[in-house]
Amino acid sequence: MRLVTALVPLYLLCLTQVAVGPMFPQLALVLVVVLSWGQDSASSGGRRLAATLLGAFVGLCLDLSAPGSAGLNLLVLALSGYAAASLKLVIYRGRWALLLICLAALVARWFLLALDGSPAANPGPVVVSSGLTLLLTYLVAQLLVPSR
Amino acid sequence: MRRSFFNWQDRLAWVVIAFCLAVLFAPARLKTVVLLPAQTVLLAPNRLLAGLSAGVAGLGRENARLARLAAELAVENARLRALAGADVRVPGDTLPLMRATVIGRDLATFERYLTISLGRLSGVRPGDPVVTADGVVGTLVACGDHQSLVQTLLSPSARAAVMSLRSHTPGVTRPARGGLLDISYLPKDADYGAGDTVVTAGLGRVFPKGLPVGVVTLTPEEPAAAQSGLFKPVKVRPFVDFSRLGAVFVLRLPETAPAVPVPGSRSRVWLENLVPDEVSPPEEDELR
């Protein structure tokens, strides 16, 4: 149920991100990582599956703006969700781990963009702004979701 | 730890990731055909919003155009109505109007001074009349490069030469309490009645003749002393609501009225407002 509930704001965020174009920061990616990190499921496998589906859904929504080159956001966000949910099991200092996962996802995205033949512009501002957004988002999420 | 990564849920997650990888390397044509229906459904809100915003922007432009047209027609209509009963040639051309947005007000009353978004670089100058589709607003008293200060008719020092549209009795307005205007120094037998439309008289080289100013109101609260004075107290309610102005029009008049009227030019129209009806303007040959 939580997964379904999380899809609604993510869908709205994707619509916004598609409307403004590939602008900074990559809020969708940041939110996928944060929500995947906070996934609450009975088993670790279920947590990873839910996070992967979450990321795939968001990636699909983002890729729909250009169906001809679809797959990039789909793969990156699905992997990011899976990685965030997996690392949650072994890392306890979540804030910094989240930041690292987000940065890795951003780098992977730019790498795949380059492979895809659309060389990215200077990725520095995206990485910095997404990292800061991630921290803020995570702090807000921590305030909203009571810790167990 | 190792076993926890190989349950059915993890396998399903890897299937999803493999599917994503397959999508990434699938032919672009295939992806387009398959994903197009999904795009139609999932991005429908974006298309709806884009259509709405384009519609709103178009409506804004259309509104500005219609407001300008309404103001031009109102000015022209008022001039024609004012001149209908007089033996004065109706001008064939209209005065140029420049639309300006109100970007500031005096904080004390919101009604006495306005700042508008046109300045010297747009071609406006101090003294230019400012109007709306409803009627006269005031005059420009100071112009910067990109903005100007408008003194409205409710400003304490603002005066305007007016006349009754019905009786053509002239007078001069000055601000009164309650957002009204007084017409000063009218003789006791001046032909002003409640409901009369008051328009500019075209005197004083400020406002062209015939711009609507307001309507004469009854003044039951007028003190008896004023009633028994030398002059007739007349109060006018302006057509323009000065506190709610969002956009105005600056009338660009000729800079100076030349001594010799040039037939067909705007300066002739301007000069006609200054010359009494029974006196014909001198011909060009006479002045040479």
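In what follows, every chain begins at residue 1, and chains take the letters A, B, ... in the order their sequences are listed. Quick note: numbers below take in every heavy atom, side chains included, and nothing from hydrogens, waters or symmetry partners.
With rounding to the nearest 0.5 Å, the separation of CG in A:L79 from SG in B:C20 is 7.5 Å. Annotation: the span from A:L53 atom CG to B:L12 atom CG amounts to 7.0 Å, rounded to 0.5 Å. To the nearest 0.5 angstrom, B:W14 atom CH2 is 8.5 Å from A:T52 atom OG1.
Smallest separation of non-hydrogen atoms from B:V16 and A:A56: CG1-CB, 4.0 Å. Taking all atoms of both residues into account, the shortest heavy-atom contact from A:G46 to B:Q9 is N-OE1, 3.1 Å. In terms of heavy-atom proximity, A:Y11 sits nearest to B:V41 at OH-O, 4.4 Å.
Under the side chain to side chain contact (heavy atoms under 4.5 Å, CB included) criterion, B:D134 pairs with B:T132, B:F239, B:V240, sequence neighbours left out.
For A:L77, no part lies under 4.5 angstrom from a heavy atom of chain B.
Here the side chains of A:L74 and B:L24 are not in contact, with every heavy-atom distance at 4.5 Å or above. With a 4.5 Å cut-off on side-chain heavy atoms, A:L75 and B:I17 count as touching.
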